[in-house]
Amino acid sequence: MQQQVRDAGVSLFRIVVGLLFACHGAAKLFGVLGGPRGGTPPAFLEWPSWWAAVIELVAGGLVLLGLATRAAAFLAAGEMAYAYFTVHQPKGLFPLINGGELAALFCWSFLILVLIGSGPWSLDTVVAHLRRRMKVPQGP
């Protein structure tokens, strides 16, 4: 029972974090869901705003689905660390002062997913199961 609750919690945590991150990227890229905080979507290939939004949308979607979760979460954590130290930290030491709470929370949330994986309710689990079933037993 305790393992089932843990598995459900990990999977639900991954789904929520991935969805929120993907929505963050979609808002920046396409001006949906209230649009980007800066006002207008970044220009195509604009560094670093457009690239960050693409990472947020794609990595968030992969984490949401639980596909290549650890790799996607690692990329997303790196992007959030970069955002924190280049955008927020120069404004002050603490996240409550520099406005970097969201970047810090996303970064640490993704690092947790890198360590614990996607949980059982994921495409990673489905792919692993299919690979095990398709493996041909080798002879003696």
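Owing to the predicted nature of the structure, the values given are computational and were not obtained by experimental measurement. Numbers here are sequence positions counted from 1.
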CA sep, side-chain torsions, deciding dist, call: L67, D124, side-chain contact (heavy atoms from CB on, under 4.5 Å):
CA-CA 5 Å; L67 184 62; D124 287 337; 4.2 Å; yes
Given side-chain contact (heavy atoms from CB on, under 4.5 Å), test L75 with F110 step by step and report yes or no.
CA-CA 9 Å; L75 179 63; F110 286 121; over 6 Å; no
Membership question, hydrophobic clusters at under 4.5 Å side-chain separation (ILVMFWY): are [Y] and [X] in the same one?
| X | Y | value |
| --- | --- | --- |
| Y82 | L111 | no |
| L33 | L29 | yes |
| V16 | M80 | yes |
| W47 | I55 | no |
| L105 | L115 | no |

Test your reading of the model: is there a side-chain donor-acceptor pair from [X] to the backbone of [Y], 3.5 Å cut-off?
| X | Y | result |
| --- | --- | --- |
| T125 | W121 | no |
| R14 | L113 | no |
| D7 | G119 | no |
| S122 | S118 | no |
| N98 | P90 | no |

P42 versus K28, closest heavy-atom pair with distance:
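The answer is CD-O, 3.1 Å.
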Identify the heavy atoms of A22 and G61 that sit nearest to each other, and give their distance.
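Closest approach of A22 to G61: CB-N, 3.8 Å.
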Worked check of side-chain contact (heavy atoms from CB on, under 4.5 Å) between E101 and H88
CA-CA 9 Å; E101 304 98 328; H88 300 287; over 6 Å; no
Heavy atoms, side chains only, cut-off 4.5 Å: are [X] and [Y] in contact?
| X | Y | result |
| --- | --- | --- |
| V17 | S109 | yes |
| Y84 | P95 | yes |
| F21 | V63 | no |
| L62 | T69 | no |

Just do the side-chain contact (heavy atoms from CB on, under 4.5 Å) check on F106 and L20 with the steps written out, would you?
CA-CA 9 Å; F106 270 131; L20 291 174; 4.0 Å; yes
In Å, rounded to the nearest 0.5 Å, how long is the span from CG of L102 to NE2 of H24?
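Here the interatomic distance stands at 5.5 Å.
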State the CE-CD distance between M1 and Q3, to the nearest 0.5 angstrom.
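Between atom CE of M1 and atom CD of Q3 there are 12.0 Å.
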Check each of K135, M134, H129 against R132 using the side-chain contact (heavy atoms from CB on, under 4.5 Å) test, and report the only one that passes.
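Result for side-chain contact (heavy atoms from CB on, under 4.5 Å) with R132: H129.
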Check the surroundings of atom CZ in F13: do more than 12 heavy atoms from other residues, nucleotides or ligands lie under 6.0 Å from it?
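Counting other residues, nucleotides and ligands, CZ of F13 exceeds 12 neighbours.
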Just to verify, what does W50 make a ring-ring contact (aromatic ring centres under 6.0 Å, His included) with, not counting sequence neighbours?
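Listed in chain order: F44.
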